[in-house]
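Below is one structure; the comments refer to it alone.
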Amino acid sequence: MGKTRVPAAPGWFTTQGEPRLLGTRCSACGAVFFPKETASCRNPACGRTELEEVPLGRRGRLWSWTNSAYAPPPPYPAREPFEPYAIAAVELPDEKMVVLGQVARGTGIGDLRAGMEMELVLEPLWQDETNEYLIWKWRPAA
């Protein structure tokens, strides 16, 4: 029997159909946040509490990137043996925000260019005896 695929960060993204990050939008001022906010609007000029969950865009433009050549310290999970990876800052045009995430496996630093279109994908982050834990990543759009 196969492992069950579950989110490594429950409630931060969808796993059914095309993956989407989940944020919140303030009903009063329209500001959008990721990760989700549950208490009040983070906009200092607003502070209202009428928030709704919204799916965020799946595509954006590569704003910046870097590499991660060292394994993260505990309690953060890392593959054993550790494999260096890239981290992308992708600007979502409709939300007017930048979201960080790892770059999908198979895409190296040399493959990235500022302004290139990126799309959201899900990949395994780690696994245990019963589950495969998924996380969002960015890859160059096809």
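Nothing fancy with the numbering, it's 1 onward along the sequence.
Looking at N131, its side chain never comes within 3.5 Å of a backbone N or O of D128 through a donor-acceptor pair. Under the 3.5 Å distance criterion, the side-chain polar atoms of E37 are matched with a main-chain donor or acceptor of A39. A donor-acceptor pair under 3.5 Å links the side-chain atoms of E95 to the main chain of G57, judged by distance alone. Under a 3.5 Å cut-off, the side chain of K3 and the backbone N or O of Q127 do not form any donor-acceptor pair.
In this structure, P7 and L134 have side chains that are not in contact, with every pair of non-hydrogen atoms separated by 4.5 Å or more. Side-chain contact between M116 and R61 is absent, with no heavy atoms from C-beta onward closer than 4.5 Å. Two residues are said to be in side-chain contact when any heavy atoms from C-beta on lie closer than 4.5 Å; T24 and V54 fail this criterion. Here the side chains of P55 and F13 are not in contact, with every heavy-atom distance at 4.5 Å or above. Side-chain contact between L112 and M118 is present, with heavy atoms from C-beta onward closer than 4.5 Å. Contact check for M97 versus V32: side-chain heavy atoms found under the 4.5 Å cut-off. A 4.5 Å side-chain heavy-atom check between W65 and V103 finds every atom pair outside the cut-off. Side chains of R25 and E53 form no contact here, defined as non-hydrogen atoms less than 4.5 Å apart.
The structure places CD of E18 at 8.0 Å from CZ of R20, a figure rounded to the nearest 0.5 Å. Here the straight-line distance linking atom CH2 of W136 with atom OG1 of T15 works out to 14.0 Å at 0.5 Å rounding.
Nearest heavy-atom pair across L120 and R58 is O-NH2, 2.7 Å. The two residues D111 and G106 come nearest to each other via the heavy atoms OD2-O, 4.0 Å. Contact detail for P84 and A69: the closest heavy-atom pair is CB-CA, 4.2 Å. Looking at every heavy atom in both residues, N43 comes nearest to A31 through CB-CB, 4.5 Å. When every heavy atom of I135 is checked against every heavy atom of A9, the shortest pair comes out as CD1-CB, 4.4 Å. Taking both residues in full, the closest heavy atoms of T49 and S40 are given as CG2-CB, 3.9 Å, listed atom of the first, atom of the second, then distance.
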For V99 and L21, what are the C-alpha separation, side-chain angles and deciding distance, and is it a side-chain contact (heavy atoms from CB on, under 4.5 Å)?
-> CA-CA 10 Å; V99 177; L21 295 173; 3.6 Å; yes
Candidate pair W12 and L22, rule side-chain contact (heavy atoms from CB on, under 4.5 Å), full reasoning | CA-CA 5 Å; W12 285 39; L22 298 172; over 6 Å; no
Step by step, would you call E52 with S27 a side-chain contact (heavy atoms from CB on, under 4.5 Å)?
-> CA-CA 7 Å; E52 62 179 325; S27 299; 4.2 Å; yes
Do Q102 and E123 pass the side-chain contact (heavy atoms from CB on, under 4.5 Å) test, and can you show the C-alpha distance, the side-chain angles, and the key distance before you say yes or no?
-> CA-CA 10 Å; Q102 289 184 16; E123 287 188 354; over 6 Å; no
Salt bridge (charged side-chain N to carboxylate O under 4.0 Å, His left out) between R105 and E83: does it pass, once the steps are laid out?
-> CA-CA 10 Å; R105 295 183 80 178; E83 297 174 20; 2.6 Å; yes
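Residue R59 places its CZ atom among more than 12 non-hydrogen atoms of other residues, nucleotides or ligands, all under 6.0 Å distant.
Each of L56 and L100 belongs to its own hydrophobic cluster when Ile, Leu, Val, Met, Phe, Trp and Tyr are linked at side-chain heavy-atom distances under 4.5 angstrom. Hydrophobic clustering places L92 together with L122 (ILVMFWY residues linked when any side-chain heavy atoms are closer than 4.5 Å, directly or through intermediates).
Ring geometry for W126 versus Y133: interplanar angle under 30°, hence parallel rather than tilted (30 to 60°).
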